Structures are given as structure tokens and as C-alpha cells.
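Read the structure below first, then the notes.
All chains are named by letter (A, B, ...) in the order of the sequence lines, taking the proteins before the strands, and each is independently numbered beginning at 1. As the structure is a computational prediction, the values presented were derived from the model and not from experiment.
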Amino acid sequence: DGGITQSPKYLFRKEGQNVTLSCEQNLNHDAMYWYRQDPGQGLRLIYYSQIVNDFQKGDIAEGYSVSREKKESFPLTVTSAQKNPTAFYLCASSIDRGLVNQPQHFGDGTRLSIL
Amino acid sequence: GQQLNQSPQSMFIQEGEDVSMNCTSSSIFNTWLWYKQEPGEGPVLLIALYKAGELTSNGRLTAQFGITRKDSFLNISASIPSDVGIYFCAGRSGGSYIPTFGRGTSLIVHP
């Protein structure tokens, strides 16, 4: 089945440690996104990528990094510079071939906690 | 930046009741999207609206794109326990494919 796969489902980070969240899609979507979700808040955009080897900062990019070496994959690294990383992280993808109105499809998220 | 106000923040209703929630924007949108998120999962697209005045249904769900293009509402008729979740609206303006999300409406349905 086509979809977006995020792994792991749960992740724990120690102080000073970088951790990487995986996002893979087999929908042949061009654009991919990372969002952070905190209780009672909407989705806040961390990074997004329209095409391979290109990505842009979102509203809360500090303390995070991404790469887009393959169309299918958009991993997110939460660095030690992110002082409050505990949150639910959502990856999304969408078609972006001049069809600007195509909705995003989401993965099932990764919950990151601090040890 | 764009502001998107979603209300109510939460709703506690009895099974069988109808539900209404809405989103208003400080600027014009070309697309309105409604998502549902269940605990521990990602949001799932319910309805997408692309034209001002458009009224679209998906089973017991009905959503409308406001005439002013600055608002949208979602109605759920005859609620059932599995309607429980957080409902998000999202809007996109012309020339941008990055949506702005509301803060969500948390719906709890008592049997």
C-alpha cells in the first residue's frame, strides 16, 4: 500500500545527544515536510523540501537539521541545540508539480521524549 | 504572518448530537482543508475545499468554504463514539502550498 512511514514510533533522547527521525514515502510525492506538535497547539512547520537536494526552513527550524538525498526520504535530526525536544513529530508529503492545491498526507508520527 | 483561529477549542457532547466547528482567517485563502487526528496517529484528510461557497460532504461530515474566503466550517451530524479526536482546519493562500493550521478542536463523544 502507498503511504508515509515514520520510524521509530517512540524515541528517547539523552542530554547532549543527537537523534534522527526517519520518514519514507512511496507516494511519488515531490514535497515533504516536518511538523512539531505540542499539546493544545497546532502543527508548527520545522523544515520542508520541494525537490531532492533542496530544503527550506520553516517557522521553528532552530535546533533541527534535515537532508533530502532521495525523493522518498526526508530524515529529521533533532540536535543537542534543541533544548526542548519533547514533542510529537509529524512528517507529511504532497504532490507539487505546479498543482499548488494538493493536500498534504501525514505519517503516524514519532513521539520523542527526554531521558 | 497569517492567523487562523479555530473554535471551539474543545467539545463534550452526547452521542447522536450534531457538532459544528469553524475557522476564521485574517487573510484570504484559496484552499481550506479539514483533518481528523486520533490519539497517537497522524492527521487524516477529511474534506478539501477549493472554491468560495463550496459545500462538500463526506458521509456525516459537511464542510463549507466561506463566501468571504476567510472562513470555513465543519459539521458532523448524529455523532458517534468513533468521532472522538482532534479536528484541524488548514488554509492555503494563493502562490503558497504551505498550509496554515488551526490549533484544533478536541471532540469527546459520550455514549
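Neither Leu45(A) nor Tyr89(A) shares a network with the other; the hydrophobic side chains, linked directly or stepwise wherever heavy atoms of I, L, V, M, F, W or Y lie under 4.5 Å apart, form separate groups for each.
No more than 12 heavy atoms of other residues, nucleotides or ligands lie within 6.0 Å of CD in Gln9(B), so this atom counts as exposed by the packing criterion. Within 6.0 Å of NZ on Lys14(A) lie no more than 12 heavy atoms contributed by other residues, nucleotides or ligands.
Between the side chain of Arg103(B) and the main chain of Leu43(A), no donor-acceptor pair closer than 3.5 Å is present.
Looking at Gln37(A), only its side chain comes within 4.5 Å of chain B, counting heavy atoms on both sides. Heavy-atom distances place no part of Glu38(B) under 4.5 Å from chain A, backbone and side chain included. Residue Ala92(A) does not touch chain B at all, counting heavy-atom pairs closer than 4.5 Å.
Contact record, Gly42(A) with Phe88(B): CA-CE2, 4.1 Å, taken as the closest heavy-atom pair. Shortest non-hydrogen contact noted between Phe88(A) and Gln37(B) is CE2-NE2, 3.6 Å. Among all heavy-atom pairs drawn from Gly42(B) and Leu90(A), the shortest one is CA-CD2, 3.6 Å. In terms of heavy atoms, Arg92(B) sits closest to Pro103(A) at NH2-N, 3.5 Å.
Here the CZ-CZ distance, from Arg44(A) to Phe101(B), works out to 14.0 Å after rounding to the nearest 0.5 Å.
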Go through Ile98(B) and Tyr48(A) one step at a time and tell me if the side chain to side chain contact (heavy atoms under 4.5 Å, CB included) criterion holds.
-> CA-CA 9 Å; Ile98(B) 306 293; Tyr48(A) 65 99; 3.7 Å; yes

